[in-house]
Structure formats: C-alpha cells, structure tokens
Amino acid sequence: MTEPRPPDADSDFVPYDWSDPDSYRPPSSRPQPPDHGGHAFWERLPFPGVPWPRVLLIGIVCFGLWFLLDAPSLQHSAQTSPIGTRRTVSLDVVGPVAALSRAVGADNVVGWTDEAFGRSPGGGPALAVPIHRAKPKPLPPTTSGTTTPTTLPLLNYHPTPATPLRVLIVGDSVGLDLGQPLVNALGAFGDVTTYLDGRIDTGLTRPDYFNWPAELQVDLANQQPQLVVVMIGANDPQGIVTQDGSIRFGQPGWDEAYSARVSAFIAEANAAGAHVLWVGMPPMQDPGLDAELKHLNGLVQAQVAETKYGGAAYLSSVPALGDQHHYYTAYLPDSSGAVTNVRTPDGIHLTPAGGARLAAAVVAAMEGQLHIQLVPGIGGTSRRS
Amino acid sequence: MLFPTIDFAIFFAVVFTVQWLLVPYAGPWKAFMVVASYVFYAWWDWRFIFLLAASTGIAFVGGRFVHPATGTRRKVFLWTTLALLLGLLVWFKYFGFLAVNIDNVTHALGLGRPVPLLAITLPIGISFFTFMAISYVVDIYRGVLRPARGIDITVYLAFFPHLIAGPIVRGTELLPQIRAMRNPRDVHYVEAFWLIAAGLAKKVVLSSYLSAYVVDPVFADPHQHSALEVLFAIWGYAVQIYADFSGYTDIAIGLALLMGFRFPVNFRRPYTSIDLQDFWRRWHITLSFWLRDYLYIPLGGNRGSESRVSLNILITMLLGGLWHGASWTFVIWGAYHGVGQIIGRRRRAARVAKGLPAEPVGRARVAWARFVTFQVVCLGWLFFRADSLGTVFAMLGRLVVGWGSSPLVTPLAALAILAGIASQYLPDRWLSVVLRGFADRRPVVQGGILGLVLLAITTLGPQGVAPFIYYRF
C-alpha cells in the first residue's frame with residue numbers, strides 16, 4: 001500500500017494509517033448531525049460505531065442467507081429476463097445456489113410464504129395480478145356469440161339493451177394507456193359493455209413470463225366478447241422464446257415466430273366468435289425503439305391482412321398520435337386548437353389526453369371500419385381486471 | 001440505478017468496500033466517489049451525466065466569482081449563476097409546460113404559435129441537485145461557506161446516496177464531511193441498517209401494495225368506484241406517498257451512514273402534525289427548510305405587514321408546489337397548502353390575542369387537531385396525485401354519490417393504511433429496545449436477522465427486488 005497523501009492545505013483531511021488503529025485523529029471540527037428543527041429518534045441512539053469490516057461481514061451473511069433462501073425465485077426471475085449475456089450470467093450464478101437451496105430444503109421458507117399468500121411459486125409479474133376480477137355474470141344471447149368463425153366479421157352490428165356489444169380490451173402498459181380512456185369513451189354509448197385487462201411489462205415474446213394466449217382464453221370464456229381490442233407490442237422487441245430455444249430480435253426466424261404468435265392470438269379470439277381490432281404502436285421518441293416498433297407494426301398488419309373471414313382489422317395509431325410527417329410528437333392540438341401533451345416524459349407512454357385521442361380513433365374505427373352502430377346513451381358497464 | 005434492485009446491491013457492495021479502503025487517501029477517495037456516482041447516474045441515461053457536470057461547473061465557477069467580489073459585482077455574479085442553474089432546470093423540467101400554456105394563450109389571442117413545442121426528456125434528480133447547487137452559491141454569497149475545491153463540489157453534488165431523490169443536503173452540511181477524515185472504526189451500522197430495512201419495507205411492501213391494489217385502480221377510473229373505495233384510495237395515497245418517498249430517503253440516509261456520512265433527517269412522523277405549519281416541519285424537511293432559507297426569507301419572510309407575510313407564504317408554497325412537477329395540479333396543491341398555512345397563522349394569532357394558547361392543549365384537542373390536519377393533508381394529496389382537475393372533481397363527486405359495492409376495500413388494505421399511520425405513533429423507546437436487542441448480538445447473528453428481514457421484504461413485496469425483466473417499462 002502506498003503512503004497516505006499529506007493533508008490538503010485546503011481541507012481538514014487527516015491522514016490515517018490502517019495498520020495502526022491508534023493513528024486516527026478526529027478532525028478539528030467534527031461534523032455534527034445537521035439540525036433542521038429537531039431530530040429523529042435514530043439520531044440519538046447510544047450504540048457505538050464498529051469497524052467497517054464488521055459491517056461488511058454482517059452484509060455478507062445477510063445477503064448470503066437471503067440468496068440461499070430466495071435462490072429459486074431469483075432463478076425464475078433470471079429465466080424470464082430478456083435473452084442476452086446478462087441472463088446467461090445471472091443463470092450461471094444463481095443456478096448452483098438454487099440447486100443447493102432445493103437440496104437442503106431452504107427454498108421451503110419462500111414456498112410456505114407463497115402458499116400462505118396464495119401465490120404461484122417463483123413469483124412472476126406480481127403487479128399484473130388482477131386487482132379484482134368480477135364474477136362473470138349471465139350474459140344475454142347474442143347474434144354473433146357462436147364459436148363458428150363464419151359468423152365473423154362483426155359488420156353492421158346494432159347493439160341494443162337486449163344484445164349489448166361486449167368489448168374486451170387487452171394490452172401492455174401502452175395498451176393500458178389506451179384502455180382506460182377507451183372504457184370511458186365507450187361508456188358514452190348505452191349498449192356497450194367493456195372489460196379491460198391490461199398487464200404492464202408484458203408482451204407476446206415471453207409467454208414464460210406472462211402467457212397472453214392463456215390469459216386471453218380465460219377472458220374470452222368469462223366475458224364472451226364480440227370485439228377484442230388489442231394493443232400489445234411495446235415490450236416485444238427482444239429475444240423470443242420458442243419450444244426450440246430462443247431467437248434474438250432481428251435474427252432470422254424471429255419475424256416468423258412473432259408473426260405466428262400474432263396470428264394464433266387473432267385465431268384464438270376468432271374461434272371464440274370475437275372480432276379483433278389490433279391497434280398498432282404509436283411513434284416513439286427514441287429512434288431505435290421507434291424503428292423496432294414500426295417493424296412489429298408491419299408484422300401485425302401483415303397477419304391481420306391474412307386473417308380469414310375478415311375476423312381482424314388493424315388500426316394504425318400514427319394518424320392519431322404522430323405529427324404531420326407521422327413522426328413522434330409530444331404535443332398535438334385538440335378539436336378546439338388548444339395544444340395538449342399527449343405523451344409522458346419517457347417518450348413511450350400516453351398521457352390521459354393522448355389515450356383519449358387514440359380512444360376516439362378506435363371508436364371511429366369501430367363505427368367506420370367495422371360498421372358497428374354505436375348509439376349515444378347511458379347504461380353501459382365497464383370492468384377492469 | 002434504483003436502490004431496491006440487485007444491480008444496486010452489487011454496486012453498493014463494491015463501492016462500500018473500496019471507499020473504506022481508500023479513506024486514508026483523500027484524492028483517490030474523491031476521484032473514486034466521483035466515478036462511482038457518475039456510473040450510478042449514467043446507469044439510467046449516460047447522456048445526462050453532462051448535465052450533472054454542467055450544473056457542477058456552473059456552481060463551482062459561480063462560487064469562485066461570487067466569493068471575492070463585493071458590492072454590485074457580487075450580486076451580478078450571484079444572479080448570473082442562479083440564472084444559469086435555474087435556466088437548466090426550467091429548460092429540462094418546465095419548458096414543455098410553459099410552451100404549451102404560452103402556445104394556447106397566443107393561439108387564443110390570434111397571435112399564432114410562436115413557441116416551438118419540443119419533447120424534452122426530464123433528467124432524473126435534476127430538481128434535487130439544482131437546489132443543492134443553488135444553496136452552495138447562495139451560502140457563499142452570504143458568507144457562511146467558502147468556495148470548495150473542484151473535486152469537492154463534484155463529490156458534493158454527485159454523491160450517489162442523495163442524487164436521485166434527496167435529501168437536499170446543503171454545502172454547509174456535506175462539504176465539511178467530504179473534506180474531513182471519517183473514522184473507519186466508527187461505522188454506525190445499527191442506525192444505518194434500521195433505516196435501510198425500514199425504508200425497503202416501506203417502499204417495496206407498503207407503497208407498492210397500496211399503489212397496485214388500492215390507489216391506482218381508483219384514480220384511473222373514479223366513476224367505477226364507490227365512495228368508500230375513493231376514501232380508501234385517498235387515505236391509501238397519503239400512506240403510499242409517505243412510504244415511498246420517506247422510504248427512499250431513509251435508505252439514502254442509511255447508505256450514507258454506512259459510508260460514514262450524516263445526512264439531515266427528511267421525515268419526522270409527518271402524520272402526527274397538529275396543523276399545516278407543523279406538517280411542513282415534518283414532511284420533506286430538507287425541502288421545506290430550503291424553501292424557507294432560500295426563498296421565503298429573501299422574499300421578506302415574517303417581516304412586514306400581515307398581508308405581505310401572507311403573500312410571501314403563498315409565493316413560497318406556489319413555487320414549492322411547482323418544484324414537485326410541471327403541472328397545474330401541483331401549482332394548485334402548492335396554493336392549497338399556502339392558503340392553509342396563512343389561515344393557520346391567522347388563527348394562531350387570533351388565539352394568542354385572546355389570551356389562549358397558540359397550539360391545542362390536552363389529549364383530546366391534540367388528537368382532534370391531528371385528525372383534522374391529516375384529512376386536510378389528504379385532500380391536498382388528491383390534487384397532487386390526480387392527473388387532471390377532472391379526476392379531482394370525479395373523485396370528490398364519487399365521495400358524495402358513490403353508492404355500490406366496494407371490492408377494493410379489504411381487511412388487508414385497511415391494515416396497510418392503518419399500519420402506515422400507526423407506525424408514526426410508535427414510541428421511540430419501543431424501537432430503541434428492538435435495536436438494542438439487535439446491537440447486542442454477534443455479527444453472524446445480526447447478518448442472519450437482516451437476511452430474514454430482507455427475505456420477508458422481497459417475499460411480501462409485489463415484485464421483490466429482482467426486476468430482471470422488461471426493465472424498460
């Protein structure tokens with residue numbers, strides 16, 4: 001170890017030799033706890049300080065024990081993380097500890113807790129756990145509620161109190177930004193029932209993290225919608241996990257795998273008698289993400305075009321949220337000409353005003369593209385997962 | 001990089017060890033801390049380290065010019081430095097807000113659209129380090145602080161524990177600690193681990209639960225929720241914001257303590273306040289005292305007529321509200337607290353004039369004052385949390401006519417809200433006894449206890465501390 005530097009002429013620095021504990025000399029003006037009108041109780045505790053290596057030992061024991069007990073959960077998190085070096089390294093580090101944890105039964109501590117709280121082992125996207133799920137109510141008979149796809153599309157549908165239009169809205173966090181304003185917008189039409197199922201941090205690339213097809217199946221069974229509005233994709237430009245392994249975004253095979261998932265998602269809704277209106281991702285502030293999502297929008301659009309029986313339609317969000325050149329913009333004038341902020345500071349999500357603007361476009365598409373005859377009135381209901 | 005993450009745990013383990021090893025060597029220690037803090041900041045967006053460096057440069061040069069100058073020159077240097085620092089803050093934080101409002105006014109008056117509407121990314125922590133830089137220069141102007149060396153002020157403004165969300169530590173508080181030798185044999189770990197554990201529990205468990213299961217669903221769509229749910233959401237938000245913010249700064253104070261630094265306390269049982277003035281002595285203390293010393297007092301403070309003092313309070317709270325975010329709802333929230341403080345001040349003066357005590361006396365009166373103050377604060381939080389005035393009115397409307405079932409009102413939600421409030425009434429001696437029990441154990445046992453506490457937090461928290469996936473959103 002090199003010799004300690006002499007004290008700065010401009011500071012109160014006091015040299016200290018590690019090897020000699022007695023060499024410590026407190027500075028002439030030892031800093032006192034700042035006083036802002038009083039103290040918290042912990043500032044007056046009488047406990048003496050200890051050498052920092054002891055604190056390091058306590059920290060190592062703390063994290064070591066936690067790591068051992070929680071390793072299976074951490075392993076699950078690592079497995080569901082984006083494909084790449086970080087995931088590989090995480091799995092290499094966590095894997096042996098998780099195995100040890102299982103071998104000695106240490107994982108039971110977390111397992112018992114999960115069981116007590118009724119959660120699936122290994123965690124998962126807990127913030128996507130349904131806030132409350134209303135029990136499905138008996139539904140009135142509908143004109144298009146069969147499971148035969150030939151009854152699609154949902155053209156010229158005229159909702160009535162006896163046969164309300166049932167709309168299911170599914171999406172990721174950007175889809176949620178659209179979802180709530182869309183629920184509000186459709187609430188202005190009397191004979192429309194909406195159900196919003198938005199899940200932050202989700203997409204179609206990683207069913208091992210959140211399984212949208214399975215979720216859709218449950219929603220379709222419970223809600224029996226005639227129309228499913230989908231806005232998913234913001235999280236999807238990443239490695240895709242397939243049965244044969246994983247494919248990094250941009251590599252050969254990725255487009256085909258993703259397109260197959262989009263196609264299957266639409267087919268799943270169609271098979272349950274529901275039409276799909278897929279809302280594309282808006283322009284993004286970050287040029288890289290913008291290009292990636294434009295690519296995804298193209299894949300979705302192609303799959304929608306190939307859908308049989310006209311069971312799906314695509315709505316670009318660019319006209320509603322892009323500038324005059326179809327680029328990203330955070331500000332757009334409303335109908336009165338007043339400028340409003342339509343995007344959040346992250347350059348990705350929508351503000352409530354932006355969501356309302358896109359919701360208006362979705363309602364217009366329902367009337368224009370799908371020819372659903374929406375009649376203003378009150379009495380519609382909405383629920384949210 | 002946020003505190004409750006695996007990334008930060010690894011980062012801090014390395015920084016903690018290296019910085020204590022380097023303590024005997026002032027220069028290398030400072031250089032290392034600058035690098036560590038800039039890496040911490042760059043983890044979020046590397047481009048904004050230039051902004052942090054620019055603020056540091058402005059404060060450093062400004063301080064050097066202000067210190068020797070006298071008379072008008074001294075004032076000119078001060079105001080130039082403040083203008084540059086505030087200019088950066090306004091550009092990054094308020095430009096969009098100002099541009100939209102100017103645009104709408106000029107458009108309505110038929111003057112066209114003269115202001116370009118740019119999408120500017122808000123750098124994290126800019127409000128905090130700008131206020132710290134301002135305090136540094138003003139303290140030099142006032143003669144209570146000498147200009148610091150370049151490396152010292154760089155460490156002062158970038159020091160990672162306070163960088164993202166405070167507390168706002170002044171140059172007079174932190175610079176002497178940066179210059180001084182810290183004793184590597186005197187680490188106050190009991191207090192530090194208590195702050196970190198309590199902060200994590202508040203932020204990861206309590207705040208996350210209330211946010212996801214009570215507050216967010218109701219604020220997103222008040223029309224679909226009952227009066228009781230709206231009431232729970234408002235109370236829940238009061239607990240959520242306390243748990244989130246105080247939890248984060250508790251962790252910051254604890255981390256600094258582990259590295260031998262003392263930060264000022266930032267929250268002191270705010271929901272035990274007996275009036276709004278008391279509340280601001282307990283809530284985000286470093287901000288309210290900053291506003292007092294660097295805004296309210298320069299405006300005239302308590303000097304002058306009663307109307308002048310009221311105006312000073314109102315201006316201070318309006319700008320304090322705007323500091324929290326570029327939105328009219330924050331301005332209204334600031335005005336609400338300003339008016340509340342003016343009313344409280346006049347009530348106290350009236351009571352004193354009648355020969356009555358200025359503050360409530362007796363358990364029942366104090367309890368009532370605390371209850372009323374909490375409800376008044378909660379009403380203010382409604383403006384703070386709502387994305388628009390429409391949401392505020394919708395929430396208030398549902399409070400009156402929101403009949404129907406209340407599935408969000410669960411025993412667990414009630415328990416979480418109650419726990420958040422009741423924790424502020426826990427006697428100090430109870431906590432001291434618990435910490436004494438911890439302090440008397442061997443290091444390995446202490447580590448084991450903390451490991452189990454950490455496990456409880458990560459298990460009970462909605463996302464644990466391993467946000468590996470989809471980190472971008």
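Every heavy atom of this structure was used, including side-chain atoms; hydrogens, water molecules and symmetry mates were not.
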Notebook entry, point to check: Between CG of A:Leu57 and CD of B:Gln446, what distance do you get to the nearest 0.5 Å?
Noted result: 9.5 Å
Checklist line | Side chain proximity check, B:Ile6 to A:Leu74, heavy atoms < 4.5 angstrom | finding: yes
Item checked: Region of A:Asn184 that comes under 4.5 Å of a non-hydrogen atom in chain B -> side chain
Check: Looking at CZ of A:Phe47 and CZ of B:Phe438, how far apart are the two atoms once the value is rounded to the nearest 0.5 Å?
Finding: 10.0 Å
Item checked: Atom group of B:Arg441 that falls short of 4.5 Å from chain A, counting heavy atoms -> backbone
Checklist line | B:Gly451 versus A:Trp66, closest heavy-atom pair with distance | finding: O-CB, 4.1 Å
Note to self: What part of A:Pro333 gets within 4.5 angstrom of chain B, counting heavy atoms only: side chain, backbone, both, or neither?
What the structure shows: side chain
Notebook entry, point to check: Does the side chain of A:Trp52 reach to within under 4.5 Å of the side chain of B:Val23, using non-hydrogen atoms?
Noted result: no
Next item on the list: Sort B:Phe261 into side chain, backbone, both or neither according to what part of it lies under 4.5 angstrom from a heavy atom of chain A.
Entry: neither
Next item on the list: Check whether A:Phe67 gets within reach of chain B through its side chain, its backbone, both or neither, counting any heavy atom under 4.5 Å.
Entry: neither
Next item on the list: Could you check A:Phe63 against B:Leu450 for side chain to side chain contact (heavy atoms under 4.5 Å, CB included), going step by step and ending with a plain yes or no?
Entry: CA-CA 8 Å; A:Phe63 275 94; B:Leu450 288 173; over 6 Å; no
Notebook entry, point to check: Relative to chain A, which segment of B:Arg436 carries a heavy atom at a distance below 4.5 Å: side chain, backbone, both, or neither?
Noted result: both
Margin query: Does any part of the side chain of B:Trp20, heavy atoms only, come nearer than 4.5 Å to the side chain of A:Val55, both counted from C-beta?
Written below: no
Checklist line | Test item: A:Pro51 and B:Val187 side chains (from C-beta on) under 4.5 Å apart, heavy atoms | finding: no
Check: Taking all non-hydrogen atoms of both residues, which atom of B:Pro443 and which atom of A:Ile58 are closest, and how far apart?
Finding: O-CG1, 3.7 Å
Next item on the list: Take A:Asp70 and B:Thr458 through the side chain to side chain contact (heavy atoms under 4.5 Å, CB included) test and state the conclusion after the steps.
Entry: CA-CA 9 Å; A:Asp70 210 22; B:Thr458 57; 3.6 Å; yes
Notebook entry, point to check: When heavy-atom pairs shorter than 4.5 Å are enumerated against chain B, which of A:Val339, A:Thr351, A:Leu65 gives the highest number?
Noted result: A:Val339
Item checked: Which portion of B:Leu452 sits near chain A, non-hydrogen atoms under 4.5 angstrom -> both
Notebook entry, point to check: What distance separates B:Thr17 OG1 from A:Ile60 CD1, expressed to the nearest 0.5 Å?
Noted result: 7.0 Å
Next item on the list: Nearest 0.5 Å please: distance from the CG atom of A:Asn341 over to the CZ atom of B:Phe97.
Entry: 11.0 Å
